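In this text, all values refer to a predicted model and were calculated from it rather than measured experimentally.
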Amino acid sequence: MSEPAARPDEKILTSLLLAVVILAAVALMKEGPQYDNVLESWRFFNTAFFTGALIGFLGWTQTFRIVPTLSLKPADRQPWIAAFALGLVFTVGGVWINRQSVTPTGRSIVAEIDTLKELKDDRWQLSVKHSDGFYQRYQISKPAAEALLKQKSVRMEISRGALGFDLITRFEPNQ
């Protein structure tokens, strides 16, 4: 038995959802490296993505009165695409909001500099070795990188973000 053809309004909604997915993915490529500077970034990323995905899925099914199914037929895939789209939007928005209003905590971390690489757009990537032997990378600005070029260790200032997740906000040579 063949599937019924998708209605024109379903095609339009699916196309709009896919456009949101593409735009959110592009925004994540630009904003995503900021997750490197968030402490416990995997917990933050997962919380943002799955919160957005859950809201997207439930919002779509409630708005359009669709009974959720585990199917990817044309009419049934829209809630899943909406979940993915809103998950990406929350992921991008979460890291942006978290770093917009930061409060210094007075805490800092000192670590040994492993590598310092220049990336695109005057951004640099700092890789450090922490005292427990764990390696971590951070995105830093060009002025911070220039101050760290000939240094062996770095002092990183920890601040509390707007959403409650701690992030590294300042990198300076360890004196």
| Relative to each other, are the rings of F84 and F49 parallel, tilted or perpendicular (30° and 60° limits)? | perpendicular
| said: Using 30° and 60° as the class boundaries, would you call the ring planes of F57 and W80 parallel, tilted or perpendicular? | reply: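 Aromatic pair F57/W80 classed tilted.
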Once you round to the nearest 0.5 Å, how far does [atom1] of [X] lie from [atom2] of [Y]?
X    : Y    : atom1 : atom2 : answer
T47  : E40  : OG1   : CD    : 9.5 Å
I168 : I158 : CD1   : CD1   : 4.5 Å
R77  : L17  : CZ    : CG    : 11.5 Å
L167 : M156 : CG    : CE    : 12.5 Å
I109 : Q136 : CD1   : CD    : 9.0 Å
F45  : F90  : CZ    : CZ    : 14.0 Å

| request: List the steps and the verdict of side-chain contact (heavy atoms from CB on, under 4.5 Å) for V67 and T61. | output: CA-CA 7 Å; V67 177; T61 56; over 6 Å; no
Test your reading of the model: is there a side-chain donor-acceptor pair from [X] to the backbone of [Y], 3.5 Å cut-off?
X    : Y   : answer
N98  : G94 : no
Y138 : V38 : no
T51  : A48 : no

| query | With a 4.0 Å cut-off, would you call E31 and R99 a salt bridge? | reply | yes
| Side-chain ion pair, R137 and D114, N-O less than 4.0 Å |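 Result for this pair is no, no salt bridge flagged.
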Does any part of the side chain of [Y], heavy atoms only, come nearer than 4.5 Å to the side chain of [X], both counted from C-beta?
X    : Y    : answer
W124 : L148 : no
R123 : S141 : no
V110 : V154 : no
L54  : L86  : no
V89  : V20  : yes
Q151 : I113 : yes
T91  : Y35  : yes
R107 : D166 : yes

Count I, L, V, M, F, W, Y as connected when their side-chain heavy atoms are under 4.5 Å apart, and connections chain through other members. Are [X] and [Y] then in the same cluster?
X    : Y    : value
L18  : V26  : no
I55  : L88  : no
F64  : V21  : yes
L149 : F171 : yes

Work out which heavy atom in [X] is nearest to a heavy atom in [Y]; give both atom names and the distance.
X    : Y    : result
Q62  : R65  : O-NH1, 3.1 Å
L13  : Q78  : CB-NE2, 3.6 Å
A162 : I97  : CB-O, 3.3 Å
L116 : A145 : CD2-O, 3.6 Å
A85  : A24  : O-CB, 4.5 Å
P173 : A147 : CG-O, 3.4 Å

| Does one side chain, of Q139 or N37, offer a donor that lies under 3.5 Å from an acceptor on the other? | no
| task | Check the pair R170 / E172 against salt bridge (charged side-chain N to carboxylate O under 4.0 Å, His left out), numbers first and verdict last. | result | CA-CA 7 Å; R170 198 165 87 192; E172 57 190 21; 3.0 Å; yes
| task | Report the C-alpha distance between R155 and S108 in whole Å, list the side-chain angles of each, state the deciding distance to 0.1 Å, and finish with yes or no for side-chain hydrogen bond (donor to acceptor under 3.5 Å, both in side chains). | result | CA-CA 6 Å; R155 177 178 301 280; S108 64; 3.1 Å; yes
| How far apart are the C-alpha atoms of E157 and S159, what are their side-chain angles, what is the distance that settles it, and do they pass the side-chain contact (heavy atoms from CB on, under 4.5 Å) test? | CA-CA 7 Å; E157 183 180 299; S159 296; 3.9 Å; yes
| request: Start with the C-alpha gap between W96 and Q34, add the side-chain angles, then the distance that decides, and say whether side-chain contact (heavy atoms from CB on, under 4.5 Å) holds. | output: CA-CA 8 Å; W96 184 81; Q34 296 301 325; over 6 Å; no
